[in-house]
2 protein chains.
Amino acid sequence: MDFYSTQITNLVEQLSRLPGIGEKSAQRLAFHILNMPEEQVAGLSEAMVSAKKNVRYCKECCTYTDEELCPICRNMRRNHRLIMVVENPRDLAAYEKTGKYEGVYHVLHGAISPMAGIGPQDIRLSELMVRLQKDVDEVIVATNKNLEGDTTATYISKLVKPLGVKVSRIASGVPAGGDLEYIDEVTLYRALEGRVDM
Amino acid sequence: MDFYSTQITNLVEQLSRLPGIGEKSAQRLAFHILNMPEEQVAGLSEAMVSAKKNVRYCKECCTYTDEELCPICRNMRRNHRLIMVVENPRDLAAYEKTGKYEGVYHVLHGAISPMAGIGPQDIRLSELMVRLQKDVDEVIVATNKNLEGDTTATYISKLVKPLGVKVSRIASGVPAGGDLEYIDEVTLYRALEGRVDM
């Protein structure tokens, strides 16, 4: 990109390192940024640096927060005896958007993956075990429905059950609005296995 | 997004204002940034602020540059008597990547669009006219092949021809590798109109 001057080339290169942003998107973003009002560029730049500097794990559930406790763990109207275990903060956000969950969360920041060399000690599992020393009624495992998520779910179940705490897993099945003929066989089979009385 | 703490919500909101970045991508980017090494976040942030502060129009061709002249206008091995007019710096980049163009450019930063209220005075046309006071052999109009690009091309042609400078327009036709049955009628018609002797 020697046809761009140094600073533009640098900006495009830095942007193209972000996930899901190829060279063309990086160029588009770079020129958009050059056209933004200076205060807005400063705002975006500060938001990044300040979030990176101040955001850490919630002392309770390990999600990202800029305070000691995240807004959900601070909320005393939530049911703190019901813990949903998710792989990352985006999954927490997805469940929050349903507006139907009243409990709290625990964010693992990953899933067990022997193939990728990620073991139980590499995710926030010991923090979960500490939380279970308080009164907890149920742990709902909402890790992804794939090999890593299932392995993690089984591992958690084996750890938690001996403590006398109920462990459940979110249901597998045909998604809402799903047209059966387009659904893969594993999902169809799981939906059959998990059938519920009407 | 009251389930995220303030600084994360702020970062996600700022990122989602960028073009082509929806709420989900903004979340993904935000969490990626939180996981980046601190120096890398600082690097990206500085690249944005510094590019915004230092980048301006090239004194000659009006593309973005952080010096008085862009690398292409500074390059004395390019043919400065041949000027390709493009709508924006990304189009310049696209032609540079062909590696086949030896002339210089002129970046309009837009196209004439009566519908959007963009007139000839809103794009960098007067700067082009100033350049034509020096010796120029040909102006190649490479604006987009749509209503705005064609309107701009016609306008430029009417301005430039009276100066005795040759004006040309990049060809319309079937793209390389194009399968005729999937090409729209306007393109097929233009390809026929613009047929060349073999």
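Quick caveat: nothing in here was measured; it's all calculated off a predicted structure. In the text below, chain A, chain B and the rest are named by the order of the sequence lines, each starting its count at 1.
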Q. Should we count CZ of B:Arg169 as having more than 12 external heavy atoms under 6.0 Å?
A. yes

Q.
Looking at every non-hydrogen atom in both residues, tell me the closest pair between B:Tyr64 and A:Ser5 and how far apart they are.
A. O-OG, 4.3 Å

Q) Can you name the residues of residues 69-82 of chain B that have some heavy atom under 4.5 Å away from a heavy atom in chain A? A) B:Pro71, B:Ile72

Q) Based on non-hydrogen pairs under 4.5 Å, which of A:Ala42, A:Ser50, A:Cys58, A:Ala94 is most in contact with chain B? A) A:Ser50

Q: Is it possible for you to say whether A:Ile21 and B:Val12 belong to one hydrophobic cluster, with membership spreading through side-chain heavy-atom contacts below 4.5 Å?
A: no

Q | Distance, nearest 0.5 Å, that separates CG of B:Leu18 from CG of A:Leu44 | A | 6.0 Å

Q: Indicate, with yes or no, if A:Leu108 and A:Leu147 share a hydrophobic cluster defined by side-chain heavy-atom contacts under 4.5 Å among Ile, Leu, Val, Met, Phe, Trp and Tyr.
A: no

Q) Does B:Gln121 CD have over 12 foreign heavy atoms under 6.0 Å away? A) yes

Q: State plainly whether one hydrophobic cluster holds both A:Ile33 and A:Phe31, where clusters connect Ile, Leu, Val, Met, Phe, Trp and Tyr through side-chain heavy atoms under 4.5 angstrom apart.
A: no

Q: Answer with side chain, backbone, both or neither: which region of B:Leu15 has an atom nearer than 4.5 Å to a non-hydrogen atom of chain A?
A: both

Q) Looking at A:Glu67, A:Met36, A:Lys53, which makes the most heavy-atom pairs under 4.5 Å with chain B? A) A:Met36

Q: Side chain from CB out, backbone as N, CA, C, O: work out which of these in A:Asn88 comes under 4.5 Å of a heavy atom of chain B, or both, or neither.
A: neither

Q) Between B:Gly20, B:Ser25, B:Pro89, which residue shows the highest count of heavy-atom pairs closer than 4.5 Å to chain A? A) B:Pro89

Q: Decide whether B:Val160 and B:Val104 are clustered together by the hydrophobic rule: side chain heavy atoms of Ile, Leu, Val, Met, Phe, Trp, Tyr closer than 4.5 Å, transitively.
A: yes

Q: Heavy-atom pairs under 4.5 Å with chain B are the metric here; pick the option from A:Asn54, A:Leu92, A:Asn10, A:Thr63 that has the most.
A: A:Asn54

Q) Is there a side-chain contact between B:Val55 and A:Tyr4, using heavy atoms and a 4.5 Å cut-off? A) no

Q.
Taking atom OH as the centre, does B:Tyr101 end up with more than 12 heavy-atom neighbours from other residues, nucleotides or ligands that are less than 6.0 angstrom away?
A. yes

**Q.** Shortest non-hydrogen contact from A:Gln40 toward B:Gln14
**A.** O-OE1, 4.1 Å

Q. If you tally heavy-atom pairs under 4.5 Å against chain A, which of B:Gly43, B:Pro19, B:Ala30 wins?
A. B:Pro19

Q) At their closest point, which heavy atom of B:Ile8 faces which heavy atom of A:Asp66, and how far apart are they? A) N-OD2, 4.5 Å

Q) Is it true that B:Leu34 and B:Val41 fall in one hydrophobic cluster, defined by side-chain heavy atoms closer than 4.5 Å? A) no

**Q.** Over all atoms of both residues, closest heavy-atom pair of B:Pro37 and A:Lys52
**A.** C-CE, 4.2 Å

(Q) I'd like to know which of A:Glu46, A:Arg17, A:Arg90, A:Lys24 tops the heavy-atom pair count under 4.5 Å against chain B. (A) A:Arg90

